[in-house]
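Reviewing the structure listed below.
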Amino acid sequence: MAGEKSAPKIVGLTPDRRQSFYGRDIVSVKQFSRDDLTYIFGVADEMRSIVKRVGATDLLKGYVLANLFYEPSTRTSSSFIAAMQRLGGSVIPIHGVQYSSVSKGESLPDTIRTLECYADVIVLRHPEVGASEVAARYASKPVISAGDGVGEHPTQGLLDIYTIYTELGTIDGLHVAMVGDLKNGRTVHSLARLLCLYDTKMTFVSPEILRLPPALKEELIQAGRPIAETARVEDVIETVDVLYVTRVQKERFADLREYEAVKGYYEITPALMERAKERMALMHPLPRVGEIHYDVDDDPRAAYFRQVENGLYIRMALLAAVLGKV
Ligand code: ASP
């Protein structure tokens, strides 16, 4: 539109950093270094300023994203669509099971090899751990995991750690407590691994049956991070800088009676928040189903909707990076 401000030019950082993303798959946060995160935070900041100033840019004009979801999603799916559209690209949205040839029995590799004939990048959410790695092996175009079962959710991990950084201005030196379904919560698995890249202390708060998988706990210990476990939020509420609350993952329970027994275990209320530090961040990957009382939403420390917004900037940054535009 005439007279409108033009989109700022995005300046990428060092060529070697570019190599960590350009043409690469994003299937686990284990692939990232601290420098990679600094880089992607910088690009996300630039994406934020583009969206705030002019709404969109044509950086990915002519590029196509295949957005393939075999599990339900609100935020991840729509933020990838919005990210691609705000970068000037377009999207093939596919809700895997119901409306595609998956219902006719087509395999994941065949679906992926088909979609990459049309698209430049594939986003995949799948119920099986490791599915995105399998897809990445078959695809010559970049595959970005949007969550693989109870495994990882790397782009959520990135937006979560970016949110911690934007809320508190640092990651080093923080005490982060993760609360809820630590066994099945893939966002916890990704975030905990990323926090290992910084000088952080982690406390895992859950009932016994929802504790962190032992292999991941061992991984964190090997990384040299101090970790603690407890069943009570009250044990950490006064000392944490970040309280990361999660939903009990009903869809992962074979026996729904077990789910019923633990689903209402935690509820963050205004009364509990009164005991927390004045400067801290209350986060949740969402959806919430009772873990954070709605009366907490107006608390300035409630960061979960800013966290949602950050997801757009991080996914814009990742799409631009894997397609070699930053
Ligand atoms: N939306 C997140 C995920 O897909 C968290 C959740 O579902 O509880 O893992």
Side-chain angles (χ1 to χ4, degrees), residues 7 10 12 18 20-29 31-32 36-52 54-61 63-69 71-94 115 119-126 132 135-136 141-148 152-166 186-187 190-191 194 283 285-287 303-326:
I10 300 181
R18 189 170 182 267
S20 316
F21 291 93
Y22 180 34
R24 298 277 303 273
D25 305 302
I26 297 176
V27 293
S28 164
V29 294
Q31 71 194 75
F32 297 123
D36 292 336
L37 265 55
T38 307
Y39 170 65
I40 218 70
F41 290 178
V43 180
D45 286 346
E46 294 188 60
M47 295 302 177
R48 180 194 307 275
S49 99
I50 288 174
V51 171
K52 299 272 185 218
V54 289
T57 161
D58 59 3
L59 202 65
L60 293 187
K61 186 160 182 260
Y63 286 83
V64 176
L65 158 70
N67 211 34
L68 177 57
F69 280 70
E71 275 191 339
S73 169
T74 299
R75 278 151 290 271
T76 309
S77 167
S78 50
S79 65
F80 266 114
I81 293 172
M84 196 63 184
Q85 289 176 342
R86 284 183 185 273
L87 289 165
S90 51
V91 184
I92 308 170
I94 305 153
L115 289 176
D120 304 287
V121 52
I122 298 169
V123 168
L124 172 68
R125 169 168 290 182
H126 197 280
S132 13
K141 307 275 176 66
V143 170
I144 303 179
S145 169
D148 62 333
E152 274 214 41
H153 194 341
T155 66
Q156 177 79 40
L158 289 171
L159 79 88
D160 288 341
I161 199 151
Y162 176 62
T163 300
I164 294 174
Y165 179 69
T166 54
R186 55 193 173 197
T187 71
S190 290
L191 180 58
L194 285 175
M283 296 172 58
L286 302 178
Y304 26 95
F305 289 106
R306 293 190 290 277
Q307 194 179 344
V308 171
E309 184 183 336
N310 289 337
L312 173 67
Y313 309 135
I314 283 288
R315 290 180 175 125
M316 286 175 78
L318 290 173
L319 288 171
V322 298
L323 291 171
K325 295 292 178 181
V326 289

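In plain terms, the two heavy atoms of Ile40 and Ala321 that are nearest each other are CD1-CB, 4.1 Å. When all heavy atoms of Ala320 and Leu59 are compared, the closest pair comes out as CB-CD2, 3.9 Å. Ser79 and Leu312 get closest at one heavy-atom pair: O-CD1, 3.9 Å. When all heavy atoms of Leu124 and Ser132 are compared, the pair lying nearest together is CD2-CA, 3.9 Å. The two residues Pro287 and Arg75 come nearest to each other via the heavy atoms N-NH2, 3.3 Å. Scanning both residues, Val27 and Val143, for their nearest heavy atoms gives CG1-O, 4.3 Å.
Between Ile26 and Pro142 the shortest side-chain heavy-atom distance does not fall below 4.5 Å. In this structure the side chain of Met316 never reaches within 4.5 angstrom of the side chain of Gln85, judged on heavy atoms. Using a 4.5 Å heavy-atom threshold, the side chains of Tyr304 and Thr163 count as separate. No side-chain heavy atom of Lys141 sits under 4.5 Å from any side-chain heavy atom of Leu115. In this structure, the side chains of Val123 and Phe69 come closer than 4.5 Å at one or more pairs of heavy atoms. Side-chain contact check for Arg315 versus Ile144: every heavy-atom pair is 4.5 Å or farther apart. Put simply, the side chain of Val64 does not reach to within 4.5 Å of the side chain of Val91, judged on heavy atoms. Counting only heavy atoms from C-beta outward, the side chains of Tyr313 and Val51 approach each other to under 4.5 Å.
Remark: Asp45 CG to Ile314 CD1 distance equals 8.5 Å, nearest 0.5 Å. Atoms OG1 and CD, from Thr166 and Gln307 in turn, are 9.5 Å apart once rounded to the nearest 0.5 Å. Rounded to the nearest 0.5 Å, atoms CG (Asp36) and CD (Gln31) are 8.0 Å apart. Rounding to the nearest 0.5 angstrom, the gap separating the CE atom in Met84 from the CG atom in Leu60 is 5.0 Å. Rounded to the nearest 0.5 Å, atoms CD (Glu309) and CZ (Arg48) are 6.0 Å apart. For the atom pair Leu191 CG and His153 NE2, the distance stands at 12.0 Å (nearest 0.5 Å).
Considering Thr155, Asp160, Leu159, Val29 as possible partners of Ser190, the one that fulfils the side chain to side chain contact (heavy atoms under 4.5 Å, CB included) test is Val29.
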- Item | Intermediate values then yes/no, side chain to side chain donor-acceptor pair (under 3.5 Å), Thr76 and Arg125 | CA-CA 9 Å; Thr76 309; Arg125 169 168 290 182; 3.1 Å; yes
- Hey, mind stepping through Ile94 and Asn67 against side chain to side chain contact (heavy atoms under 4.5 Å, CB included) and telling me if it holds? CA-CA 6 Å; Ile94 305 153; Asn67 211 34; over 6 Å; no
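Between the side chain of Arg24 and the main chain of Val322, no donor-acceptor pair closer than 3.5 Å is present.
Taking Phe32 as the reference, Phe21 meet the ring-ring contact (aromatic ring centres under 6.0 Å, His included) condition, with sequence neighbours excluded.
Phe41 CZ: more than 12 foreign heavy atoms inside a 6.0 Å radius.
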